[in-house]
Amino acid sequence: MFLGANAGVWLSLAALGFCACGSSTKSERPAAEPGVNRSTPGGYKPGSRKLGDDDDGARDGLALDSEQGVLDSEDVEGVLERNFRSFTRCYSRAGDAQRYVEGQVMLRIFVSGSGEVSDVHVIENSLGNFAIERCLVVEARNIKFPAPRGGKPTEFEYPLQFRSTREAAVVDWPEATIPIEVIDAMAAMQPCPSVAPSPVEAIVYIEPSGAVGSAGFLSHGTIEPEAAICALEQIRAWRLRGEAGHMLRARFNLRIPAEGAAKMAPAASPPVVRGRNPKPRRR
């Protein structure tokens with residue numbers, strides 16, 4: 001399924017290892033064409049193993065775990081397929097940024113013993129658009145699943161891969177460094193409430209003109225919408241030094257001190273060297 005002329009989103013399902021006995025190894029699969037991957041063979045138990053994994057011990061109709069309930073893969077896939085258009089519509093929230101915003105968002109969906117979605121976390125994110133990210137969380141929270149067998153809560157992870165129209169080229173800034181202009185802009189930010197209880201990473205697209213065209217956030221904790229909007233509005237007002245011919249995509253850590261003043265620190269341990277910028281990595 002495609003969004004707009006060339007933009008699209010394809011989805012696949014995965015229940016990754018969560019408890020001590022689970023496997024966290026990811027299966028290597030060939031890259032899929034834009035569209036929807038609806039192939040989910042076999043049964044699975046969220047929190048125990050990856051959906052569709054070919055482990056020797058994997059089998060349909062897994063026994064009930066003593067700590068988590070069990071959802072059949074067919075039930076989960078059917079519910080998510082019925083709600084697929086709700087997720088694809090979220091991409092339109094990017095507006096003009098659909099020319100270049102693309103990447104994967106991994107949702108961790110928590111399901112109560114009655115089948116209601118109790119919480120949704122964005123645990124991986126390379127997209128960089130808060131409007132889309134927030135929309136995905138809201139839509140996922142509105143989904144109703146069958147009650148897990150055993151009447152106990154469970155969870156699983158759901159990746160959504162978005163592709164832009166690619167009308168604008170994107171160059172990724174090396175993760176070990178960040179533009180000096182971003183450091184200075186962050187130092188001048190006004191205080192905002194804490195965006196999340198855990199460290200927050202920002203993903204920012206810098207247009208050739210130096211304007212910020214899109215920005216998103218990632219945290220292992222729940223992101224507070226009002227606090228995120230406070231930070232986002234200031235980030236969108238930045239005027240940085242862009243590069244002709246392409247967008248720059250930078251990732252950096254956003255740290256919120258106890259008093260609520262937003263400050264930033266480099267995402268990686270190597271220090272940022274002032275002077276000539278390192279060569280960005282072309283995507």
Side-chain angles (χ1 to χ4, degrees), residues 3-4 6-11 34 87-107 121-138 159-179 181-183 185-186 189 192 195-196 198-220 223-225 227-243 246-255 262 264 266-268 280-283:
L3 300 175
N6 298 304
V9 54
W10 60 271
L11 302 88
F87 290 119
T88 62
R89 283 194 294 267
C90 287
Y91 189 68
S92 65
R93 301 291 184 93
D96 186 58
Q98 293 179 71
R99 297 180 300 112
Y100 51 83
V101 167
E102 66 178 26
Q104 178 171 286
V105 177
M106 178 78 79
L107 302 178
H121 291 175
V122 175
I123 62 170
E124 293 180 17
N125 180 17
S126 60
L127 190 62
N129 187 279
F130 181 68
I132 299 174
E133 297 154 12
R134 179 61 185 166
C135 178
L136 295 175
V137 170
V138 171
L160 300 98
Q161 182 76 34
F162 293 87
R163 191 178 74 179
S164 71
T165 62
R166 299 192 174 179
E167 297 173 60
V170 176
V171 172
D172 285 313
W173 200 268
E175 293 186 8
T177 61
I178 57 173
E181 295 87 347
V182 171
I183 297 177
M186 288 295 297
M189 285 184 71
C192 285
V195 175
S198 301
V200 178
E201 184 180 36
I203 305 99
V204 172
Y205 291 84
I206 306 169
E207 298 182 354
S209 66
V212 174
S214 178
F217 303 104
L218 173 65
S219 177
H220 291 294
I223 290 179
E224 298 296 333
I229 291 172
C230 173
L232 179 64
E233 288 178 345
Q234 296 187 68
I235 291 173
R236 291 295 301 269
W238 291 353
R239 290 298 177 266
L240 307 171
R241 180 163 54 95
E243 295 186 357
H246 55 253
M247 308 286 297
L248 286 175
R249 181 166 58 182
R251 299 179 71 115
F252 51 89
N253 289 344
L254 177 69
R255 293 184 180 176
M264 191 278 308
R281 183 174 65 255
R282 184 172 298 277
R283 184 179 69 188

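Computed over heavy atoms, backbone and side chain alike; hydrogens, waters and symmetry mates excluded. Everything numeric here is computed off the predicted structure, so don't read it as measured data.
- Scanning both residues, Cys192 and Ala231, for their nearest heavy atoms gives SG-N, 3.6 Å.
- In this structure, Gln98 contributes its side chain and Gly95 its backbone to a donor-acceptor pair below 3.5 Å.
- The CG atom of Leu218 lies 5.5 Å from the CD atom of Glu201; values are rounded to the nearest 0.5 Å.
- Residues satisfying the side chain to side chain donor-acceptor pair (under 3.5 Å) criterion with Glu167, sequence neighbours excluded, are Thr165.
- Residues satisfying the side-chain contact (heavy atoms from CB on, under 4.5 Å) test with Arg236, not counting sequence neighbours, are Val212, Leu232.
- No side-chain heavy atom of Ser214 sits less than 4.5 Å from a side-chain heavy atom of Met247.
- Residues Leu127 and Ile203 have side chains not in contact (no heavy-atom distance under 4.5 Å, counting atoms from C-beta outward).
- In this structure, CG in Asn125 is found 8.0 Å from CD1 in Ile223, a value given to the nearest 0.5 Å.
- The distance from the CD1 atom of Ile229 to the CD1 atom of Ile235 is 12.5 Å, given to the nearest 0.5 Å.
- The side-chain heavy atoms of Tyr100 and Glu207, taken from C-beta on, include a pair separated by under 4.5 Å.
- The two atoms that bring Ala97 and Asn129 nearest to each other are CB-ND2, 4.4 Å, heavy atoms only.
- Interatomic distance, His121 NE2 to Leu107 CG, rounded to the nearest 0.5 Å: 11.0 Å.
- With a 4.5 Å cut-off on side-chain heavy atoms, Val182 and Val204 do not count as touching.
- Two residues are said to be in side-chain contact when any heavy atoms from C-beta on lie closer than 4.5 Å; Val122 and Phe217 fail this criterion.
- How far CD of Gln161 is from CD of Glu102: 7.5 Å, rounded to the nearest 0.5 Å.
- Here the side chains of Ile206 and Glu243 are not in contact, with every heavy-atom distance at 4.5 Å or above.
- Taking the side-chain contact (heavy atoms from CB on, under 4.5 Å) definition, one finds that Glu224 meets it with Ala227, sequence neighbours left out.
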* Stepwise side chain to side chain contact (heavy atoms under 4.5 Å, CB included) test for Val101 and Phe162 -> CA-CA 8 Å; Val101 167; Phe162 293 87; over 6 Å; no
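- Looking only at side-chain heavy atoms (C-beta outward), Phe87 and Val105 stay at 4.5 Å or farther from each other.
- For Arg134, the side-chain contact (heavy atoms from CB on, under 4.5 Å) criterion is met by Phe130, Val137, Val138, Arg141, Pro225, not counting sequence neighbours.
- In this structure Ser126 satisfies the side-chain contact (heavy atoms from CB on, under 4.5 Å) test together with Gln104, Arg251, sequence neighbours excluded.
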- Task: For the pair Met189 and Trp238, evaluate side chain to side chain contact (heavy atoms under 4.5 Å, CB included) and give the outcome as yes or no after the intermediate values.
- Result: CA-CA 10 Å; Met189 285 184 71; Trp238 291 353; 3.9 Å; yes
